[in-house]
Amino acid sequence: MYTAFNSPATPVPRSPTPEAQSNGKNTKASVDFARFVRETFEDAYGHPALVSATARAEPQPGVVTVEFTSVQRDFARDVKRRVSNFAVLQVQGDGVTTLAAGSPTDASGAQQTRRSSTDPSLLAVLRLAGPSERFVEIWSNGTLVKSINVSAKHGDFYADSTFGSLAWSSDNAHLVYAAEKPEYDKAKPESVAGDDNDDAKAREGGSIADDIVGGVAGLADPRRYRLESDWGETFSGRRPPVLVVLNVRSSKVQVLDAPPTVSPGQAHFLPARSGATQRIVFTGYKHSTRKHGIIYCQNRPTGLYTCDLNGANIKCLYSGSVRSPRLTPSGRALVFLSTAVGGPHASTSEFVYYDLETDTPSVLVPLISKPLDSPQEIGGTHLPGGFPGIYLDQLPEHPWLNADDSSQPDILVFTSTWRSTNVVLALDIQRRFLSLHTPVDGSASYSTLCAVSGYVVAKMSTPAMPDVLVLGQVVPGEHQNDKESGFSIMWHHILKPAVNTNISWQVIQADSAEKRLSTECILAYPTLPDHDTRYFWSQDSSPDSRPLVVLPHGGPHATYTLDHNALVTGLVKLGFGVLLVNFTGSLGFGHSAVLAQIGKMDTMSIDEIQDAVNGVHKSCLGDPKATVYLGGSYSGYTGALLAGLVPGFYRAIVLRNPVISIGDNAAMSDIPDWCWAELGLPYDFESPPELTPDVYGQMWQASPSRLVDKVRDPLLLLLGASDRRVPPPQSMSYYYRLKAANAPVECKIYPSVGHPLDTVEAERDSFVSILRFYAAALKK
């Protein structure tokens, strides 16, 4: 049931949207404001975001070379560019000196790069040169020694974290990577097709219904247009992935066959055993009836497979919902993440150890129902106090502290969400000891990029500070907890941080002890009013008059952390307080909190969002008469519900690709199972259920579309025309119904843009549109 909330004491009149106010002639005030907001956008979104790093210890003691890649927006060309750089560091005592620093280099053409772990002078590059030219490059000591054109062998490379693969064999004789399956022949006139495709080569006899393979008789290969669905959002139009093995010496390229109901990815070489052939291990994503969207989804049926170099002798080692296989430095075992199949799309993961010599799995870190009150040993593994479980999408590519020293314990370093922050954890495999190595006091978030020879490379950020590269130096433990783990990590800044001194934040916990276990908020706000905040929070204003943006996360199984967020930065710079709401069902609060949301998607989070907002109002940290809403995907869904449930509470509501009708979404989305799972209804991946009238009725009762006649506050819809996750027709129908009811609604739709609205042009236009919409609603 819906819980009622108090609206502001004074009724809030409707405000016309900027478009409605326009009389066809621009004014200096509106143009100056739009320009200032655009400049604020470029300032907030212009910082590089670190995405990967590798490191290697040099022969000189204490010298480490770090190579790192970032993504930066180019506002002149409206593109996001990958930029590579490096730094050579000298670690002495408790300090770090930069011996050499590189210059940023555009790496946009390099889809993936990988150094050999046994010979760091060797570098493999998967390079895209133009729309259809693909090359595998081999570099040695900075010199290009081989460039192999693989364009005719397969389609585009897969370089994402789900399917992307690039690995060297231990003898550096082979590479394995992932790419699109070769395209089937298109139709060619028989006079052009030539002897290779001539039907004169067909064997005599047979039946007229026999299968045809290849482009013959002036026709396309019959398989060319056969339905072979893709993997949904971000993979639209892409052919299925295949593994490709390259013989580095001979340049021979072999595309490996996979089972017809398995899409391979995340491939690595296994160590060659005495007298045995080299083997490959990979994650196989299963699909029997159809493919379900994969990005942001950790609950898909998968398996851990091995095969020979030629793709033969495929064996399934482990089935479930697994990902990120990593070979231990000793080569005796694999470790990987495992999550329950079905149900929440993201959830608590287990850490699984698979012994390759005995072919037996064991759980190293189990599911944690609730955060631990104190350090405990569970299932034979020591876990730190406060530990809520493991929450991450993928492990780092190079996660081992002692990868080059088999006499040392296998210690894996990774990132996990811990309430409203990201932390660095280290798991000693042999001792079964998990230790925490970054603060959980609300001061910063850390994310592991790689580890090497006693060092950890990570990125650190806060709401006031964009990503900064940091080096973690492993030192003997001094405090009691560190003594138990045997070491601690001392962190050093590699790059100078750029801190915005006028952005403050605080972590806000719920009033009740029960809610504190599963909810938490981050409030980011301008420390003081200044020239930048003048449009929304003037310099003679107090904190209780500061406008407030309520911004819950999507998912619903996701988390807002203390990581830098460009959207939040831009809003705060303009004078808004921004309330980031982690409600029950958010990750990082224990497995029970994740499951508690199921079946209550239209009630529980609504109550908790409103409780959080009222708490900020009561603490005089935001103006109840200047409170607005911003949400996307699931939080667009909650925003649309709130528009009908508490009219007058929010002065303006902005929804980005919201779920409006769960039933309609079930029929169109690349993840229809979400619609069943979040309502607590069963879903079978092998035999998906019918959308019956009874089920549709349940979905309708939980949908914002049933409340359209209650909406009266200004509402702006921002839609991606190519959104596969929450396709726009449901929002467009919502828009038409609101227009017919004379509700104050506007809608923007961005061509060729998907669910995150993450092209540079869509980001810029939506940011400016949001601020102009708020300005009109707040009568600025």
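Here the CG atom belonging to L427 is positioned 12.5 Å from the NE2 atom belonging to H382, to the nearest 0.5 angstrom. We find the OG1-CZ distance between T113 and R115 to be 8.0 Å, quoted to the nearest 0.5 Å. A distance of 9.5 Å separates CG of L425 from CG of L392, quoted to the nearest 0.5 Å. For the atom pair OG of S117 and NE2 of H398, the computed distance is 8.0 Å after rounding to the nearest 0.5 Å. Rounding to the nearest 0.5 Å gives a distance of 5.5 Å between CG of L256 and CD1 of I280. In this structure, CZ on R326 lies 8.5 Å from CG on L337, to the nearest 0.5 angstrom.
Residues passing the side chain to side chain donor-acceptor pair (under 3.5 Å) test with T438, sequence neighbours excluded: none. Remark: R290 engages no residue in a salt bridge (Lys or Arg N to Asp or Glu O under 4.0 Å) (not counting sequence neighbours). Every residue was checked against the side-chain contact (heavy atoms from CB on, under 4.5 Å) condition with S132, not counting sequence neighbours, and none meets it. Residues meeting the ring pair (Phe, Tyr, Trp, His ring centres under 6.0 Å) test with F414, sequence neighbours left out: F351. Shown here are the ring pair (Phe, Tyr, Trp, His ring centres under 6.0 Å) partners of Y318, two or more places apart in sequence or in another chain: F336. By the side chain to side chain donor-acceptor pair (under 3.5 Å) test, S518 is found to be paired with T584, residues two or more places apart in sequence or in another chain being considered. Qualifying ring pair (Phe, Tyr, Trp, His ring centres under 6.0 Å) partners for H755, counting only residues two or more places apart in sequence or in other chains: none. With sequence neighbours excluded, no residue satisfies ring pair (Phe, Tyr, Trp, His ring centres under 6.0 Å) with W400. Residues forming a side chain to side chain donor-acceptor pair (under 3.5 Å) with Y683 (at least two apart in sequence, or on another chain): H292. With sequence neighbours excluded, the residues that form a side chain to side chain donor-acceptor pair (under 3.5 Å) with D563 are N422, S445, T561. Take N149 and apply the side-chain contact (heavy atoms from CB on, under 4.5 Å) test, not counting sequence neighbours, and it matches E133, F135, S151.
Less than 6.0 angstrom separates the ring centroid of Y177 from the ring centroid of H154.
With a 6.0 Å radius and a threshold of 12 heavy atoms from other residues, nucleotides or ligands, K153 has its NZ atom at or below the threshold.
Here the closest non-hydrogen pair linking A167 and F269 is O-CE1, 3.3 Å. Taking each heavy atom of A667 and L691 in turn, the nearest pair found is CB-CD2, 4.5 Å. When all heavy atoms of G680 and I598 are compared, the closest pair comes out as CA-CG2, 3.7 Å. For P361 against V352, the heavy-atom pair with the smallest separation is CB-CG1, 4.2 Å. Pairing each heavy atom of P682 with each of W676, the nearest pair is O-CD1, 3.4 Å. The minimum heavy-atom distance between G554 and A558, with the atom names listed, is O-CB, 3.6 Å.
Defined by atom type and a distance below 3.5 Å, a donor-acceptor pair is missing between the side-chain atoms of S170 and T118. Of the N and O atoms on the side chains of T339 and S321, not one donor lies less than 3.5 Å from an acceptor on the other residue. Donor-acceptor pairing under 3.5 Å is lacking for the side chains of N310 and Q254. In the model, H437 has a side-chain atom that pairs as donor or acceptor with a side-chain atom of S435 under 3.5 Å. T559 and S586 share no donor-acceptor pair across their side chains, judged by distance under 3.5 Å alone. Of the N and O atoms on the side chains of S324 and Q394, at least one donor lies less than 3.5 Å from an acceptor on the other residue. In this model, no donor atom of one side chain and acceptor atom of the other lie less than 3.5 Å apart for N299 and S347. D673 and H345 are linked by a side-chain donor-acceptor pair at a separation below 3.5 angstrom, with hydrogens and angles left out of the test.
Checking side-chain atoms of T283 against main-chain N and O of R323 turns up no donor-acceptor pair under 3.5 Å. Panel note: side chain N402, backbone P409; a donor-acceptor pair is recorded below 3.5 Å. Remark: the backbone N or O of R724 is paired with a side-chain donor or acceptor of E233 at under 3.5 angstrom. For D119 (side chain) and S116 (main-chain N/O), no donor-acceptor pair under 3.5 Å exists by modelled atom type. K459 places no side-chain N or O within donor-acceptor distance of the main-chain N or O of Y446, the cut-off being under 3.5 Å. No side-chain donor-acceptor contact under 3.5 Å links N247 to the backbone of H174. Counting only distance, with no hydrogens or angles, the side chain of E357 and the backbone of R332 share no donor-acceptor pair below 3.5 Å. When atom types are taken as modelled, the side chain of T360 and the backbone of D355 share no donor-acceptor pair closer than 3.5 angstrom. Listed for the Y391 side chain is a donor-acceptor partner under 3.5 Å among the backbone atoms of G590. Put simply, the side chain of W674 gets close to the backbone of G555: a donor and an acceptor are under 3.5 Å apart.
Salt-bridge check for R114 with E397: passed, with a basic side-chain N closer than 4.0 Å to an acidic carboxylate O. No salt bridge links R223 with D211; every basic N to acidic carboxylate O contact stays at or beyond 4.0 Å. One finds no salt bridge joining E678 and K600 here, because no Lys/Arg side-chain nitrogen approaches an Asp/Glu carboxylate oxygen to under 4.0 Å. Salt-bridge check for K291 with D230: failed, with every basic side-chain N at 4.0 Å or more from each acidic carboxylate O. Here K181 pairs with E228 in a salt bridge; the nearest charged N to carboxylate O distance falls below 4.0 Å. D171 and R249 are not joined by a salt bridge, as no carboxylate oxygen comes within less than 4.0 angstrom of a charged side-chain nitrogen. A salt bridge is absent between D185 and R224; no separation between the charged side-chain nitrogens and carboxylate oxygens falls under 4.0 Å.
Annotation: ring pair (Phe, Tyr, Trp, His ring centres under 6.0 Å) contacts involving residues 232-259, sequence neighbours excluded, comprise F163-F235.
The cationic group of R226 does not satisfy the cation-pi geometry with Y184, failing either the under 6.0 Å distance to the six-membered ring centre or the 45° limit from the ring axis.
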Test salt bridge (Lys or Arg N to Asp or Glu O under 4.0 Å) applied to R432 and E377, step by step:
CA-CA 9 Å; R432 298 183 67 119; E377 184 174 302; over 6 Å; no

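Residues N313 and R279 have side chains in contact (heavy-atom distance under 4.5 Å, counting atoms from C-beta outward). In this structure the side chain of L401 reaches within 4.5 angstrom of the side chain of V474, judged on heavy atoms.
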